[in-house]
Structures are given as structure tokens and as C-alpha cells.
There are 4 protein chains.
Amino acid sequence: MAKTRVGIINVTGYAGVELARLLAQHPEVELTSVTGRSAAGQKLNTFFPHLTGLNLTIESKLGAVDFAFSAMPHKESAPEIIPLLENGIKVVDISADFRLRDAAAYPEWYQFTHPAPQLLREAVYGLPELYSKKIAKARLIANPGCYPTSAILALAPAVKQGLIEPGIIVDSKSGISGAGRSLSLKVHFSEANEDTTAYSLEGHRHFPEISQELALLNPKHPPSITFVPHLLPMTRGILTTAYATLVPGKIAAGKDGDKQLRDIYADFYKHAPFVKVVSFSPHTKYTWGNNDCYIYPTIDHRTGRLVVISCIDNLVKGAAGQAIQNMNLMLDLPETTGLQALAIFP
Amino acid sequence: MAKTRVGIINVTGYAGVELARLLAQHPEVELTSVTGRSAAGQKLNTFFPHLTGLNLTIESKLGAVDFAFSAMPHKESAPEIIPLLENGIKVVDISADFRLRDAAAYPEWYQFTHPAPQLLREAVYGLPELYSKKIAKARLIANPGCYPTSAILALAPAVKQGLIEPGIIVDSKSGISGAGRSLSLKVHFSEANEDTTAYSLEGHRHFPEISQELALLNPKHPPSITFVPHLLPMTRGILTTAYATLVPGKIAAGKDGDKQLRDIYADFYKHAPFVKVVSFSPHTKYTWGNNDCYIYPTIDHRTGRLVVISCIDNLVKGAAGQAIQNMNLMLDLPETTGLQALAIFP
Amino acid sequence: MAKTRVGIINVTGYAGVELARLLAQHPEVELTSVTGRSAAGQKLNTFFPHLTGLNLTIESKLGAVDFAFSAMPHKESAPEIIPLLENGIKVVDISADFRLRDAAAYPEWYQFTHPAPQLLREAVYGLPELYSKKIAKARLIANPGCYPTSAILALAPAVKQGLIEPGIIVDSKSGISGAGRSLSLKVHFSEANEDTTAYSLEGHRHFPEISQELALLNPKHPPSITFVPHLLPMTRGILTTAYATLVPGKIAAGKDGDKQLRDIYADFYKHAPFVKVVSFSPHTKYTWGNNDCYIYPTIDHRTGRLVVISCIDNLVKGAAGQAIQNMNLMLDLPETTGLQALAIFP
Amino acid sequence: MAKTRVGIINVTGYAGVELARLLAQHPEVELTSVTGRSAAGQKLNTFFPHLTGLNLTIESKLGAVDFAFSAMPHKESAPEIIPLLENGIKVVDISADFRLRDAAAYPEWYQFTHPAPQLLREAVYGLPELYSKKIAKARLIANPGCYPTSAILALAPAVKQGLIEPGIIVDSKSGISGAGRSLSLKVHFSEANEDTTAYSLEGHRHFPEISQELALLNPKHPPSITFVPHLLPMTRGILTTAYATLVPGKIAAGKDGDKQLRDIYADFYKHAPFVKVVSFSPHTKYTWGNNDCYIYPTIDHRTGRLVVISCIDNLVKGAAGQAIQNMNLMLDLPETTGLQALAIFP
């Protein structure tokens with residue numbers, strides 16, 4: 001039987017090229033078409049030499065495919081996707097163009113008017129740990145941002161079970177590939193190396209996404225979130241540290257509480273093959289190149305606060321790997337197909 | 001007139017060698033004696049080739065000096081210092097042995113019984129931005145830890161002025177030199193490179209120091225602090241992100257509030273030559289090799305939270321530079337003497 | 001049919017753990033036993049959390065296996081291997097204990113008397129690009145060192161075809177994982193980061209191995225080699241730059257010569273699935289995590305010198321990946337089985 | 001007496017900003033004017049926050065100065081300098097515009113026709129270790145490139161004394177700041193981190209400069225040089241490894257030869273305050289932020305080859321520091337004025 005033909009719109013950024021790497025090794029689909037703008041006409045494995053075996057030419061327009069990923073920048077992604085949907089092609093969109101349910105949020109956070117608000121109602125937020133059933137039936141998936149993936153997975157069990165007060169701090173630390181392949185002084189080696197900084201303190205675009213999803217988990221007591229992202233001198237990885245005050249009486253005191261908390265988290269994620277709820281402080285390096293998310297829920301017993309650490313590879317679970325996890329569900333394949341490579345360490 | 005002769009006990013760790021670098025270039029004192037344990041007998045500039053001009057031999061016991069720095073590990077520092085004080089030699093202690101006012105905190109946090117509790121009352125916490133007058137008159141200074149320096153400077157104005165509620169989150173990110181020169185897998189290049197992790201979630205030793213000092217600034221409403229340190233793949237630098245809820249009615253809404261807040265901070269530090277209160281998000285790299293502390297106080301207007309970023313070089317303002325700043329005050333020298341080198345960028 | 005049971009002696013170093021990662025994903029063999037010394041009794045995936053799926057306990061002695069890898073340090077490896085061979089178990093030795101054909105070289109370069117000189121005659125040097133047929137029939141493989149792999153592959157075609165004069169310079173640059181997992185200041189993050197250095201200028205242990213193998217390729221005119229290794233601030237990767245003077249008249253002048261040279265190299269490696277002879281300057285990053293070796297042969301036309309660049313991942317093609325490539329040949333499996341993962345970029 | 005007023009043309013690149021840092025701390029001159037193109041009108045310490053104390057505005061045209069540095073790119077530098085010279089202002093040019101004595105080399109290596117060939121005869125190559133007397137009397141200094149500084153200092157004693165045969169290999173490893181502040185994928189953090197590569201194998205622009213200067217040291221037997229530069233994942237530092245065959249009979253065999261060689265080097269540099277001839281393999285980190293050059297001359301006794309390692313900070317001894325060293329000589333100041341800061345370690 002012929003494999004499902006899949007395509008990538010805009011393969012030349014980091015999410016796109018990581019999709020290509022993972023799809024090239026996926027046993028059940030075949031990557032048959034990739035597009036790029038300035039790179040159109042070049043061989044994919046000349047443009048990205050590490051994609052050695054992939055015999056594809058970067059095209060200016062997507063060829064015939066059964067399934068598509070868009071790795072276009074926000075605002076430019078929706079116009080590429082709409083005609084594909086009309087032609088019956090299912091799509092996972094890695095951009096933010098279908099992540100926010102409220103069309104009014106687009107002018108505010110992304111400075112454009114959304115071209116297809118009706119699709120915002122239809123699109124499913126592609127976090128399989130929360131929405132696997134909806135994803136399986138969807139034709140359009142809004143693949144989550146890298147920070148939201150790390151923050152929502154860290155907090156979902158606590159918010160859903162009402163363990164915490166609404167005030168939440170999300171302090172995220174990201175490797176520099178999260179800033180993309182575009183050139184800027186911010187990603188210039190000599191300036192980013194041996195440096196760390198906080199940014200977007202006035203409001204990062206991933207904030208409304210985190211806020212929307214956590215509110216949906218507990219609509220009666222929607223959380224009030226402060227989110228601060230930071231850039232670290234490493235290529236891959238996001239570590240999120242989330243803080244909130246425990247609602248009194250929900251979690252036992254002392255070590256019993258630690259265990260109880262971990263059990264709640266483990267139970268919440270019992271069907272999530274990529275989430276590892278652990279009892280030690282995880283390293284981003286444990287996820288290098290793979291789709292895992294480590295979550296370490298813990299309690300600051302002096303103050304009664306929940307502190308949760310999560311670690312992902314921003315380009316895999318934070319982008320391309322999660323997109324393929326969504327595709328697997330949509331194609332009725334086992335969720336982990338093509339995503340079982342171990343992390344590379346050290 | 002002869003220069004003040006100064007000595008360093010345990011020059012072979014990173015705080016010790018950074019002291020040697022800075023003292024070698026100090027115009028008003030002369031580094032005349034340095035000690036080390038396993039390295040005793042070696043030339044200092046053979047052991048540390050970058051100290052090219054310093055013609056000293058590492059000794060097993062401190063020679064005749066007028067002023068001493070101890071860079072011994074905690075527990076081992078106090079026994080070195082006590083006889084010096086008895087001989088009338090002023091001391092800046094870089095270890096934690098005199099930082100905590102409550103002797104009972106030592107068994108709890110450092111696993112030893114304090115040998116001289118009366119000195120805990122006498123010792124002055126060497127944060128010149130808070131205690132310059134006491135420091136000038138002291139004979140024993142407890143030089144602050146690197147994390148506490150970054151955290152206390154970030155929060156002191158807000159706590160002192162009662163701008164914030166007691167609940168405080170301190171999320172600190174440190175370069176790896178903060179873990180010292182001792183060998184461990186935690187500081188092994190191949191494991192620490194391209195990695196980040198949170199650690200000491202059960203309680204870091206710098207927590208009681210942060211807690212003690214912030215409580216002293218507002219004893220009626222002592223803060224309730226959660227402190228989580230993180231290790232980043234860089235050699236130097238600490239960036240601290242501190243979060244707290246603003247007390248309603250103290251700070252104006254909107255941009256006026258931002259300005260008002262910055263003015264309060266700038267006023268608080270108006271006599272602090274090394275503190276730069278800024279209106280942009282600072283980079284640790286702006287302090288590489290020098291004694292500055294950048295502070296960026298800001299407001300998350302959506303939630304009414306204060307968010308403060310601070311940046312220091314952990315080995316300079318977080319250790320050796322601050323120790324020299326204290327010495328300058330104790331010797332009645334201008335506070336900035338020998339500490340005016342610009343940061344090195346990039 | 002039952003899979004071949006394989007074991008790893010000393011899984012706790014970087015070569016051992018990389019073997020475990022690759023074998024865990026190998027479709028034709030099953031990793032059934034791993035040993036370690038101080039770590040015996042611990043779960044492998046507690047010791048190395050990235051090996052998530054591997055349900056093995058580190059043992060003090062190898063269990064029943066059909067095939068073994070030794071990742072013991074030199075001198076300690078041979079005594080582990082000899083009894084295995086006597087029991088009919090084929091072995092790939094990652095240490096240097098069987099690499100040198102001349103037993104007298106061991107006291108000189110490794111400070112021990114070889115315990116089984118007769119095995120030096122039997123052992124096959126495990127560089128499949130040179131010795132695939134012998135490897136297929138061997139019971140004991142001496143897996144090459146990381147530097148020798150990069151150097152020999154860079155030079156073999158030129159030496160074999162007599163293209164160059166005997167004088168050869170091998171300037172190699174290695175990531176720090178090549179120095180192993182043992183602790184030392186040399187691999188301390190704060191000292192190795194933002195630094196580079198040459199080392200072992202008095203003679204590195206990989207020199208006799210490079211010299212032996214290149215001499216075997218052209219015994220009448222054995223090369224006279226200077227080899228200088230360097231440590232760079234990165235975790236993985238070796239880039240070797242090799243220099244030699246072209247024998248006049250063998251290679252055409254100008255661009256024709258470049259092409260002719262590349263053709264000779266491509267032809268030499270036409271049956272080598274992991275060698276990529278390229279016409280651009282390769283990056284070590286193109287091999288991150290996989291078994292490829294990039295070779296860029298070029299000519300300095302001003303001086304008539306050959307300059308060859310090679311890139312490998314020192315832990316894969318330079319150690320564990322090559323060991324599995326050898327195992328594949330010995331088990332009559334396709335050479336690339338289990339080694340086809342694309343490099344991870346960026 | 002008023003201090004000499006100095007200016008920097010094009011302060012916004014890495015050589016320019018490093019000049020500003022060093023001049024701001026120079027006791028005998030005053031930095032009074034800095035220019036930039038796109039940044040004109042901005043405060044210097046807004047553009048580069050680490051230059052905290054410097055109260056200057058970036059101008060589009062140089063103000064009244066007594067002495068100027070040009071940090072313009074090649075081809076654009078000469079037209080800025082010519083009018084200054086005509087106005088009697090001495091200039092140190094950090095670009096390549098006056099480094100090559102043969103005007104015909106400019107079209108070949110830099111793709112422009114030199115606008116003032118007569119100045120090529122007058123300009124002095126600003127390597128004080130070779131030309132301090134000429135520099136002291138010059139009005140126009142061509143400040144050497146970073147690679148040439150490291151290569152020429154490593155080889156000058158051996159070439160000048162006729163110790164080596166003409167064939168020379170120069171293998172240089174540079175930090176990424178050497179590639180400048182301009183944006184490109186080559187300096188993008190995510191691509192340059194955890195990577196190394198050789199480049200410009202077809203001929204780097206610093207080659208003719210190295211070749212010219214070494215030929216001048218031994219015109220009867222001008223060397224035949226192969227030069228290959230490499231980029232390493234660090235911000236600052238160049239380590240050069242130079243190889244050549246010793247002329248038989250000049251240097252004693254064995255350890256005596258090592259000592260004899262070091263003595264020849266030490267004698268050659270006995271009046272060079274920044275050159276450290278050492279008997280151990282130096283680290284680039286020993287020069288971090290300062291003007292030193294470490295040189296380790298050694299012999300590969302197996303082959304009779306000279307191997308010399310040199311280390312510099314590419315932005316200091318390789319650019320801005322050397323420029324100030326030249327200025328000091330031209331202003332009849334002690335050569336080390338303003339350049340005595342110790343390297344920062346770790």
C-alpha cells in the first residue's frame with residue numbers, strides 16, 4: 001500500500017527542517033514535497049547537508065500531497081492553509097495562526113486581522129496530552145508554541161484538579177533556536193554566547209495561548225498568569241519553572257504531599273507516552289533531539305507553594321515532533337510512530 | 001607611605017583567584033600573601049598563568065598582613081578568621097560563616113555548630129548598598145553570597161518601601177563558575193554544556209540569607225520567599241527574576257507606574273555607584289568581569305505584579321569585587337577604588 | 001528467531017553509554033547485559049535518564065551474551081576480553097588494547113606490558129572502510145581511536161595511491177567528550193568553555209595508531225607524521241585538517257586537479273556507506289549524533305599541497321557507532337543496520 | 001596639560017567598540033569623538049551599554065581630534081584616512097587598506113583598486129614586536145590582521161634566524177568575534193554553537209599579509225605557506241599552530257634542543273612586553289581581554305619538525321589592543337600604557 005504523501009510548507013526555518021529530519025525517518029509516511037521561498041530550486045540536501053538521504057528539490061509551491069504541515073511565519077501561514085483545506089488536505093499548522101480562539105486577539109498580539117475566523121472555531125489546539133480525541137478527528141491542527149507546550153504541560157494537572165490558587169508565575173528559559181533562523185544581533189553568536197537575558201516583559205505572544213488553555217482547564221477560576229521568557233546560551237531546550245500557591249487542604253503536608261502530588265500528575269498523564277513525571281530535577285539535555293517532556297512537580301513546604309519544572313526540546317516536543325504526534329493521531333497511527341528515538345547525551 | 005598589605009586565605013578557588021586578579025590591579029593596597037592547601041609551595045602565576053605579573057608563592061599559612069580576605073569553604077573559614085581578629089586584623093569573609101545572625105541556622109543549613117556565636121552579632125553583612133556605614137566601622141564583614149546579592153538588590157527598594165505583598169518568588173539563573181572549582185559531573189563540560197537545570201529545590205543554602213536580609217528591611221511584614229536557583233551553560237553571570245504582587249494603591253497604573261517605580265529604585269540607589277537602575281532588560285554580559293549590578297524594575301500590568309530583573313557577574317559583584325568594595329569602605333578609600341574596569345563585551 | 005544477545009562491559013563512560021543508546025535502537029540485536037564498577041546495582045536508566053526505555057540493571061559481571069563490546073579503559077580491557085574469546089564470544093574492543101600490532105609499543109605508549117601478544121596478530125583493526133572483509137571473519141576487533149578514524153579516513157586514498165610525499169601534518173580539533181567522563185580541570189566547564197588549547201605535543205597515544213595504519217597503506221614509503229590534537233569548547237565532533245605535499249605529476253593543475261582528486265577519493269570510498277566525499281568545507285555539526293564521516297579533499301594550488309578536512313562525531317563514528325558497524329559486519333548484517341539516523345541540526 | 005584627543009571612525013563594529021573600551025580606560029589620552037553610520041545620533045553607551053561611563057554621541061563625521069583610529073571595513077577605510085593625514089592627524093588603520101606593500105595585491109585579494117599606492121610605501125606595518133622604531137616615527141600605521149598577528153609572532157624568530165625550511169603550515173583556530181558584528185548564518189548562534197569548520201580554503205585575505213611579512217624576515221629564502229583558518233564555538237581568542245621542518249644542524253637534538261629553541265625565542269622577544277614565551281601549551285583563555293601573546297615553541301623530535309603554538313585575544317592583541325600599543329609608540333608613551341589589565345579567568 002502506498003504511504004501517505006506529506007509535504008512541508010517552508011522547510012527552510014528550524015521547525016521546517018526539523019520536520020524534514022523526523023519525517024524522513026518516519027516509517028508510515030513519505031515526505032514528497034517541500035517548499036521554500038528564496039531557496040526554491042535548490043536541492044534540500046544541499047541547503048541542509050545533514051538531510052543526506054532526502055532526494056527532494058525545494059519548490060516554490062507545494063506538490064500533490066495527502067497531508068501538509070505549514071511552517072510558515074504567523075500571518076503568512078493561514079493564506080497557505082485555507083486552499084489546502086478546501087482541497088480536502090488535512091493540515092498541521094506550526095504557526096500561531098489558528099491557536100487563539102478569539103479572533104480579536106490577532107490584531108492585539110500579532111498585528112493582523114484574521115482572514116478566517118470561522119476556522120478558529122474548528123481548529124483543534126494540538127496538545128495531544130489534552131485533546132487527543134479531538135485531534136484524531138480534526139482536519140486542522142494549531143500546533144502549540146514551544147513555551148506554551150512546556151508551561152501548559154507543567155500546570156495542567158494542578159489547574160484542572162483545582163490544586164492551586166489563580167496566581168501563577170511562569171518563568172521559562174529557552175535555547176536560542178527558539179528564536180528561529182532569521183538573522184539578528186539577538187542570535188549573533190558573539191552576543192548570545194556567555195549571556196542570558198529576559199525579554200518581552202511587556203508581553204510575549206505566547207502569553208495569550210498559555211492563558212487561554214489554562215483557563216479552559218478551570219473556567220470557573222481562570223488563572224492570572226505572569227509569563228517571562230529568557231534566552232540562554234544553548235541551541236535547544238526549554239526549561240520552565242512554574243510557581244503557584246497550593247489551595248489549603250488539597251495536598252498533604254510533608255513528604256506525603258510530595259508523593260500525592262506526583263501521583264496526581266502521573267495519573268493525569270497515564271495515557272501520555274511522551275510525558276515523564278519524575279521525582280528528580282530534570283535537565284533539558286535529557287530531551288535533546290526527542291519528543292519527551294519531563295515534569296517534576298514539587299512543593300516548597302516553607303511557603304506552601306507548588307513549584308513545577310518541565311523540560312522539552314523546543315524544536316521537537318515544542319514544534320516538529322509534536323506536529324508529527326498530531327499527524328499520527330489524525331492518520332490513526334500509533335501516537336509514537338517515528339518519534340521513538342532516544343535523546344542524545346551528552 | 002607604605003601600601004596596606006593584604007592577604008588571601010585560599011587563593012586557589014574561583015573567588016580567591018578573582019580576588020588576586022582584582023587586588024593585583026588595586027592602586028592603594030598590595031597583595032603580599034596568599035595561601036592554598038594542596039598548592040602550597042607553588043608560584044601563584046604558575047598555578048594561574050593569567051596572573052602574570054604577580055610574583056607570589058602560595059603559602060600554607062598567611063604571612064604578615066594588615067587586612068585579610070578569607071575564601072575558605074564554609075565551616076573551615078571561621079577557624080581561620082578568629083585568630084586574625086584577635087590579632088587586630090580586619091577581615092572580609094567570603095564564606096557563609098558569618099552571614100546568618102541566628103547561630104541555630106548553621107546546624108540546619110550548613111551542618112555544623114557555629115564556633116563563635118558572639119561574632120555573628122558583631123559581623124556586618126557586607127552589602128554596601130544597604131550597610132555602608134556599618135561596614136566602614138566593622139572589623140569583620142560577612143561578604144554576601146552571589147545569589148543573595150542579586151536577589152536582595154533586586155527587591156530591597158520594593159520591600160523597604162512596602163510596595164509589595166509578602167509573597168515573593170526569586171528565580172535565579174547562574175553561570176557555572178558559581179559552583180566553584182571543585183570537580184563534579186555537575187560542572188563537567190560535556191554534561192553542563194547545552195543544558196540547563198533547576199537544583200536545590202528542597203532548599204538552597206542561600207535561602208536563609210535572602211530571607212534574613214529582606215525580613216530586616218520590613219520586619220513587620222517579613223516576606224515569604226520561594227527561591228529556585230538554576231545552572232546555565234555559561235561561565236559567569238547571574239540573572240535573577242523576582243516576582244511579587246504590588247500592594248494596591250502604591251504605584252500608579254500604566255506607564256506612569258513604570259516611571260514611578262523606576263524613580264523609587266533610582267532614588268533608593270542614588271548613592272550606590274555600582275547599581276544601574278535601567279529601563280531596558282539587561283544582559284548578564286553587560287557585567288562581564290566588573291562590579292556592576294543592573295536592575296530593571298517593571299510591572300506586569302495585566303496582573304498587578306512587580307517583576308524585577310537583576311544582573312551581576314557572580315565572581316565580581318557576587319564575590320571578589322564586592323569583597324574589595326567592602327575593604328575600600330573599611331580602609332576609608334573611595335568605594336570604587338580598583339573596581340572601575342568596564343565590562344568586556346562581547 | 002531470537003535476537004543476538006549483546007553486552008557492554010563498562011557502560012558508564014561516554015563510549016559505553018553511547019553504545020547503549022545505539023544498541024537500544026538496533027533492530028537485529030538485543031542489549032541484555034551491561035556492566036559498571038562503582039555503579040553496579042543501579043538501574044541503567046536511573047544512572048542515565050535519557051536511556052528511558054532500557055530496562056536493565058548495571059551488573060558487576062557480564063551476563064550470558066552472544067557478542068560483547070568492551071568500553072573499559074586501556075590496560076583493563078584485555079583481561080576482560082581474553083576469557084570471553086576463550087568462551088567463543090566475539091568481541092569489539094573500544095579500548096586501545098589490541099590496536100597496535102607491535103607488542104613493544106604498549107610499554108612505550110601505554111605503560112603496560114601486553115598480556116596477550118599473540119592476540120595482537122589476530123585482532124583486526126576495525127576500520128571498515130579499509131578492512132571490511134577481514135572484519136567480517138574476525139572474532140576480535142580493535143575499534144579505532146577517534147582521532148585515528150578522522151585522520152586515516154582523511155589520508156588513506158592519498159597515501160594508498162602514492163599521491164603525496166611522506167611528510168604529513170595532522171592537526172585535529174576535538175570536542176571535549178573525547179576526553180571522557182572522568183573528572184579533571186581540563187574538562188571543568190568554567191575552564192574549558194570559551195577556550196582552546198593544543199595538548200600532548202610530546203606525543204599523543206593515538207599517534208602510533210595513525211602512523212601504523214598509514215604505513216600499512218604504503219609500506220615502501222611510510223609517512224613521517226606530526227600529529228597535534230586540540231580541545232575545543234564543544235561536546236561532540238572532531239575536525240581534522242591534514243596537510244601533505246603532492247608528488248609532482250600525479251594530479252593535474254588547477255580546477256581539473258581538484259576534480260581529479262575528489263574523484264580518486266570518491267572512488268576509494270565507493271563501497272563505504274558512511275563516508276561522504278564532498279566539494280565544500282564540512283562542519284562537525286553535520287555529523288552530530290550519527291555515524292557519517294565527511295571528507296573534503298582539496299589542493300593549495302599556490303604551494304602544491306594537499307589539504308584534507310574530515311569531520312566525524314567522536315562518540316559515534318569515532319567510537320560507538322563504528323563499533324556497531326563492525327558488529328554488523330561480524331554478524332553478517334547490512335553494514336548500516338541501526339546506524340541510519342540523520343544527524344541532528346542545528 | 002590637555003590630554004591627546006583621539007577619535008574612532010566606525011565605533012560600531014567589534015574592533016571599534018573594543019577600542020572604545022580600552023581608550024576609555026587609557027590614562028594619557030581622551031576619547032573625544034566616535035563615528036558610526038546607521039547609529040549616528042545615538043548615545044554610545046545606549047548603543048553599547050557596557051561602556052557606561054563614556055558620555056559620547058555617535059557622530060556621522062569625526063570631530064576635532066589629534067589622533068585617529070579607523071575601524072572601517074577594507075576599501076572604505078582609505079578614503080576616510082587620506083584627508084586626516086593631509087590635515088596632519090596621525091592614524092592607525094585597523095582595516096587591511098595599508099597592510100600590503102604591493103598595490104596589485106588589492107584587486108586580487110580585496111577586489112578594489114587602491115586609491116593611494118604611494119601611501120602603501122609610507123605606511124608602517126604595525127607589529128611592534130618587529131617594527132617598533134619605524135612605528136614611533138610613522139604617521140600612518142597599518143594595524144595587522146588578527147590571524148597574521150598570531151602567525152607572524154609564532155614564526156618570526158624561526159624564519160629570521162633561518163631555523164626552518166621554507167615550507168610552512170599555519171593552522172589557525174579563531175573565536176567567532178573575528179568574523180565581525182555583521183549578521184550571517186555563519187555567526188548565527190544555533191549554527192555556530194557546538195560546531196567547528198575550516199573556511200576560505202581557496203585563499204583567505206590574511207594569507208598575503210602573513211606571506212609578505214615572513215618573506216621580509218628572510219628575503220633570500222621566502223617561505224611557502226599554506227594557511228587554513230577555522231572557526232570555533234567561542235567568542236574571543238585565536239590559537240595558531242604552525243608547522244615547519246627544522247634545518248638540520250641548527251638546533252640540538254633532544255631536550256637541549258627544546259631549551260635552545262625557547263632561548264632563541266625568548267631572546268628575540270626580550271624587548272616585547274606583551275609576548276610571553278612559555279614552556280607549556282598555552283590556552284587562549286590566558287589572554288581573555290588583554291594584549292598578551294603566548295608563544296610555545298616546541299619540536300616534534302620524531303620528525304625533526306618545529307611546532308609553535310601561539311594564543312591571543314583576537315579583539316585585543318589581534319585588533320584594538322595592538323592599535324593602542326602602536327598609538328603609544330607614536331605618542332612616545334610607554335608601550336604598555338593603558339594595556340596592563342590582567343586577563344580574566346575563568
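By convention in this document, chain letters (A, B, ...) are assigned in the order of the sequence lines, proteins followed by strands, and residues within each chain are numbered from 1.
If you check the side chains of T149(A) and Q322(A), you find a donor sitting under 3.5 Å from an acceptor. No hydrogens or angles considered: nothing links the side chains of H50(C) and D292(A) as a donor-acceptor pair under 3.5 Å. Looking only at atom types and distance, the side chain of T241(A) has a donor-acceptor partner in the side chain of K173(A) under 3.5 Å away. For the residue pair N193(A)/E194(C), the side-chain donor-acceptor check at 3.5 Å is satisfied.
Using a 4.5 Å cut-off between heavy atoms, N290(C) does not touch chain A at all. Of the atoms belonging to T52(C), heavy atoms from both backbone and side chain fall under 4.5 Å from chain A. In this structure, chain A has a heavy atom under 4.5 Å from the side chain of Y14(C), while its backbone stays farther away. Proximity to chain A is limited to the side chain of L315(C), based on heavy atoms less than 4.5 angstrom apart. For a residue to count as touching a neighbouring chain, one of its non-hydrogen atoms must lie under 4.5 Å from one of that chain's; by this rule Q340(A) touches chain C with the backbone only.
Each of G53(A), A341(A), G289(A) has some count of heavy-atom pairs under 4.5 Å with chain C, and the biggest count is that of A341(A). Ranked by non-hydrogen atom pairs under 4.5 Å with chain C, the options S177(A), A343(A), P282(A), P49(A) are led by P49(A).
A donor-acceptor distance shorter than 3.5 angstrom exists from the side chain of N328(A) to the backbone of T337(A), with no hydrogens or angles considered.
Taking the six-membered ring where the residue is Trp, Y286(C) and F280(C) present perpendicular rings, their angle passing 60° and hence far from 30°.
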